[in-house]
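Here's the structure, in structure tokens; my notes come after.
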Amino acid sequence: MALDYKKCAEEIVSHIGGRENIVQAAHCATRLRLVIKDNGKVDKKALENVDGVKGMFENNGQLQLIIGTGTVNKVYAEFLSVTGMTEATKDDVKAAAAAGQPIWKRMLKAVGDVFVPILPAIVASGLMMGFVEAMGKVYPQFASTSWYDFLDMVANTAFAYLPVIVAISAARVFGGNTFLGAVIGLAMIHSNLLNAWAVGTATPGQWHFMFLNFNIVVNKIGYQGHVIPVIIAVWLMCAIEKWLHKHTPEMIDLFVVPFTTVLLTTFLTFTIIGPVFSQLETWVLAGAQILVKNPLGSAVMGAIYPWTVVMGLHHMYNVIEAGMLAVEGGLNTWMPIASAANFAQFGACLAVGLKARQNRTKVVAIPSSLSAALGITEPAIFGINLRFFKPIIAGMIGGTVGAFYGAFSGIGAASYGVTGIPGYLTIRQPIQYTILLAISGGLAFVLSWMMWHEEAPEAEAAPAPEAIPEKVMEFGTVIASSGGEIAQCTAGKIIPYTEIPDPTFAAGTLGKGVGIIPEDEFVYAPVDGEISSVAESKHAIGITGANDMEVLIHVGVDTVEMKGDGFEDFVKEGDKVTKGQKIMKFDREKIKAANHPDTVVLLLTNSDDYEDVKFGENV
């Protein structure tokens, strides 16, 4: 018997507390996505028994009801009619869900969103730094070679210019111009400024800004290695830019907005945001020097150390270490504290990597934990532990116990700047150091394994398509991500999307993927899924695949101008397709006669939803 869509919608509304308990509602290919004001008013058992609801789960602040392809849109239409709400998108629902979360959680999510896209660069640099540093300690003669100098430069690049990378990513997260974000990041590490890592060894210059009757004095200090002040500065930049766009006439928008945005942001950054953060640095360092003089204080520093990494303060600890070694017979007793804290983050991150079932989490957690074991914890902290929160708490506990043991047993190092496994090269008590690493890393691993539980996956696999009589065409995979694999859609030579002869496609504006210089005139479905759109001009087809992958096939460049001449589609919106199924035919000669490139564009349009997208031949 056919589903009564209106009755289904009415029952759903009644079991979630009525219209007044709904913040936002949207749907995707198979699910009704709801943001609820008070989850206590939701009758989950009754919802599961509603005719038409095949399942339900909560994720990222959303209540998601699985209804099914081809049905959810009809139930959603009745849902809007019953509630009197207006249609919304998935992004609207995500935004509403995020707005309902506690402010601390939103702040942590923002930091995570900034760092997820740049993790590959940080992981690569972290692993290389650990490797190069270890090689220089094991083979001292290697440290004086050009190879060492070159590799050390490459390894340090991401961290030396971290504010720029963070600024670009933050601009994307906060909805600002990424190039203006890059300018803010570059300004914060300008060569005219004293390098932040040199503070304490050199005297910075000063600016004297006369404003009314006040003399505003600003030290010329860069922000190398810092994170929080950069994110705050770019958030401010985006807020200023958006406000100006709304209040500036279009005729002068191009000139007024960028100029005013950069000027105001940089001035406020160097006069307010930066100095406030510098004062925080001073307090943290002074407190650290006092605390590390006893085991209890060391335990406290072992706990809060990862948060100083988040704030970008940890590089300044080199001043403390250098001071310890400067005295006669000096011993660096800070190093065991840092090692305990770092190795605890390794243990917590490794637990997530081994326990996680979602591939997108594993591919970040495992290499990030390895980097942390070598003493570079940013990938683990920002990519996994801080993002999921409970692992960083587990790491703090492990760091606390490990640091207490290190201080109690009197462990010390003969150098500074090295922690984790490479620390064996400088430590004076290797057996006790091994115990310290085992305590901190092992305890954090166990606690993280017990405390952290993987949330239900955001995406649901698309329903199995119906069998078709025609034999399917088989091609190799050309796009791969944690969402799944996308096959080549037509015979021909594969080129990167950056080489597609169209600036919009080449810039990745519509997503990442490949171009295909065709040798055939047929297009085949690159994934199992459902046809989500068919262009009126017949030259482009959209497919929703497993895990909400949104695939676009666009035959030729500017072929919309051909108004369908030379194109024949074999599918319509809502059809289910099997990978390899013939879905379109195009006339290459007509495309060339119309003076259009015949490159077939194959893109994963929501590639930003996945942090591990690979594309090209033999991915």
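Everything quoted here is computed from the prediction, not taken from an experiment. Along the sequence shown, residues carry numbers from 1.
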Is there side-chain contact between [X] and [Y], with at least one heavy-atom pair below 4.5 Å?
X: Q224; Y: P163; value: no
X: F615; Y: V478; value: no
X: R357; Y: E454; value: yes
X: L180; Y: E241; value: yes
X: L436; Y: I411; value: yes
X: I392; Y: W307; value: yes
X: L354; Y: F445; value: yes
X: P306; Y: T377; value: no

| query | Is the gap between the ring centers of F389 and W452 under 6.0 Å? | reply | no
| request: Examine Y405 together with F408 and report whether their ring centres are nearer than 6.0 Å. | output: no
Can you tell me how far apart [atom1] ([X]) and [atom2] ([Y]) are? Round to the nearest 0.5 Å.
X: I189; Y: L162; atom1: CD1; atom2: CG; value: 9.0 Å
X: L186; Y: S191; atom1: CG; atom2: OG; value: 10.5 Å
X: I184; Y: N177; atom1: CD1; atom2: CG; value: 10.5 Å
X: F346; Y: S371; atom1: CZ; atom2: OG; value: 11.5 Å
X: T265; Y: M237; atom1: OG1; atom2: CE; value: 6.5 Å
X: I273; Y: I232; atom1: CD1; atom2: CD1; value: 6.0 Å

| said: Applying side-chain contact (heavy atoms from CB on, under 4.5 Å) to S481 and L604, what does each step give before you reach the verdict? | reply: CA-CA 10 Å; S481 72; L604 177 60; 4.1 Å; yes
Hey, does the side chain of [X] reach the backbone of [Y] with a donor-acceptor pair shorter than 3.5 angstrom?
X: N156; Y: D152; result: yes
X: S298; Y: N294; result: yes
X: S607; Y: K512; result: yes
X: Q429; Y: G412; result: yes
X: K614; Y: A480; result: no
X: T145; Y: F142; result: yes
X: N385; Y: G395; result: no
X: S339; Y: G420; result: yes
X: N219; Y: I221; result: no
X: Q432; Y: G406; result: no

Check this for me: [X], atom [atom1], are more than 12 non-hydrogen atoms of other residues, nucleotides or ligands nearer than 6.0 Å?
X: K220; atom1: NZ; answer: yes
X: W235; atom1: CH2; answer: no
X: Y161; atom1: OH; answer: no
X: W147; atom1: CH2; answer: no

Heavy-atom closest pair, residues [X] and [Y]:
X: A344; Y: G398; answer: CB-C, 3.8 Å
X: G483; Y: N547; answer: O-ND2, 2.7 Å
X: V514; Y: G616; answer: CG1-N, 3.6 Å
X: Y148; Y: A143; answer: CD2-O, 3.4 Å
X: K362; Y: P367; answer: O-CD, 4.0 Å
X: P430; Y: Y424; answer: O-CE2, 3.8 Å

| task | For the pair W334 and Y305, name the ring-plane relationship: parallel under 30°, tilted 30 to 60°, perpendicular over 60°. | result | tilted
| task | Return the set of residues passing side-chain hydrogen bond (donor to acceptor under 3.5 Å, both in side chains) with S482 (not counting sequence neighbours), or none when no residue passes. | result |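 side-chain hydrogen bond (donor to acceptor under 3.5 Å, both in side chains) list for S482, sorted by chain: R360, D612.
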| note | For E485, the side-chain hydrogen bond (donor to acceptor under 3.5 Å, both in side chains) test, sequence neighbours excluded, returns T477
| Test side-chain contact (heavy atoms from CB on, under 4.5 Å) applied to W207 and T271, step by step | CA-CA 10 Å; W207 286 304; T271 56; over 6 Å; no
| V352 pairs by side chain to side chain contact (heavy atoms under 4.5 Å, CB included) with which of I366, V364, I384? | I384
| query | So V218 and Q206, side-chain contact (heavy atoms from CB on, under 4.5 Å) or not? Walk me through it. | reply | CA-CA 5 Å; V218 178; Q206 292 182 329; over 6 Å; no
| request: Kindly determine whether I397 and T400 satisfy side-chain contact (heavy atoms from CB on, under 4.5 Å), including the steps that lead there. | output: CA-CA 5 Å; I397 296 172; T400 299; 5.5 Å; no
